[in-house]
> 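Got a structure here, written out as structure tokens. Questions coming.
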Amino acid sequence: MAYTETTEYDSIDVVGQFKHIQIKKSLVVKKDGVELARTSERYSLQCGWTDIDDNWIDTDISGEPDEVKNVANAVWTQTIKDNFKAFCIEQNKLKTST
């Protein structure tokens, strides 16, 4: 009787104007090849963010699986990053003006 645990990335979706990536990751437990349990979590990634001084910080994807890295590298173009940076700066201005 062999128990195994594997991680599966069930879906990787790109959404919105700034190409946020939504990921569904599942932990699958099997006994002798028969699935006994599956737990899932969802999380999302954005291409980066701005700090308090409006400096751009790229999202670190080094710990992500290759499938996620490949999607991020394909959709997070410099144009997307520049547009999202401008959006973040504008949002920061709105927060500080109230």
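If you read the sequence from its start, that first residue is 1, and numbering goes on from there.
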> Quick one: CD on Gln78 to NZ on Lys85, what's the gap to the nearest 0.5 Å?
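Those atoms lie 9.5 Å apart.
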
> For the pair Asn73 (side chain) and Lys69 (backbone), establish whether a donor and an acceptor sit closer than 3.5 Å, ignoring hydrogens and angles.
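Side chain of Asn73 to backbone of Lys69, a donor-acceptor pair under 3.5 Å: yes, one is there.
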
> Within the side chain of Trp49, is there an N or O that forms a donor-acceptor pair under 3.5 Å with the backbone of Cys88?
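Not a single qualifying donor-acceptor pair exists.
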
> Does Val75 share a hydrophobic cluster with Phe18, counting links as ILVMFWY side-chain heavy atoms below 4.5 Å and allowing steps through other members?
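Hydrophobic grouping puts Val75 apart from Phe18.
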
> Is the count of non-hydrogen atoms from other residues, nucleotides or ligands lying under 6.0 Å from Tyr3 atom OH greater than 12?
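For Tyr3, atom OH is not crowded (no more than 12 foreign heavy atoms under 6.0 Å).
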
> Examine distances only and state if a side-chain atom of Asp60 and a backbone atom of Ser62 form a donor-acceptor pair shorter than 3.5 Å.
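Pair found, side chain donor or acceptor close to backbone of Ser62.
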
> Nearest 0.5 angstrom please: Asp51 CG to Asn92 CG, how far?
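So the gap between those two atoms works out to 9.0 Å.
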
> Calculate, to the nearest 0.5 Å, the distance between atoms CD and CG belonging to Glu64 and Leu45 respectively.
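Rounded to the nearest 0.5 Å, the CD-CG separation comes out at 5.0 Å.
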
> For the residue pair Trp56 and Phe84, categorise the inter-ring angle as parallel (less than 30°), tilted (30 to 60°) or perpendicular (more than 60°).
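Taking Phe84 first and then Trp56, their aromatic rings stand perpendicular (interplane angle over 60°).
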
> Are Val14 and Ile12 connected in the hydrophobic side-chain network, where two residues link if heavy atoms are under 4.5 Å apart?
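Yes; tracing contacts between hydrophobic side chains, which count when under 4.5 Å, links both residues.
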
> When rounded to the nearest 0.5 angstrom, what distance separates CD1 in Ile21 from OG in Ser44?
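Answer for the CD1-OG pair, Ile21 versus Ser44, is 9.5 Å.
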
> Any side-chain heavy-atom pair from Trp76 and Asp58 closer than 4.5 angstrom?
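Of all side-chain heavy-atom pairs linking Asp58 with Trp76, none is under 4.5 Å.
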
> Is a side-chain N or O of Thr59 found less than 3.5 angstrom from the main chain of Gln46, in a donor-acceptor match?
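Flag set: sc Thr59 to bb Gln46 pair under 3.5 Å.
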
> With a 6.0 Å cut-off (strictly less than), is the heavy-atom count around CD1 of Ile52, excluding the residue itself, greater than 12?
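Not buried by this count: 12 neighbours or fewer within 6.0 Å.
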
> Find the distance between CD (Glu41) and CD1 (Ile23) and round it off to the nearest 0.5 Å.
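Taking CD in Glu41 and CD1 in Ile23, the distance rounds to 9.5 Å.
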
> Are Tyr43 and Ile61 joined in one hydrophobic group, where the rule is that I, L, V, M, F, W and Y side chains link up if heavy atoms are under 4.5 Å apart?
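Same hydrophobic cluster.
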
> With side chains defined as the heavy atoms from C-beta onward, is the minimum distance between Gln91 and Leu94 less than 4.5 Å?
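A side-chain contact exists here, since the closest heavy-atom pair is under 4.5 Å.
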
> Distance from Glu5 atom CD to Thr39 atom OG1, nearest 0.5 Å?
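It is 8.5 Å, given to the nearest 0.5 Å.
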
> Tell me, yes or no, whether the heavy-atom count around Arg38 atom CZ, taken from other residues, nucleotides or ligands under 6.0 Å, exceeds 12.
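Atom CZ in Arg38 is packed in, count exceeds 12.
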
> Can you hop from Val71 to Tyr9 via hydrophobic side chains spaced under 4.5 Å?
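Both belong to a single hydrophobic cluster.
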
> Does Asp10 reach the main-chain N or O of Lys25 with its side chain, forming a donor-acceptor pair under 3.5 Å?
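Pair absent, no side-chain N/O of Asp10 close to backbone of Lys25.
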
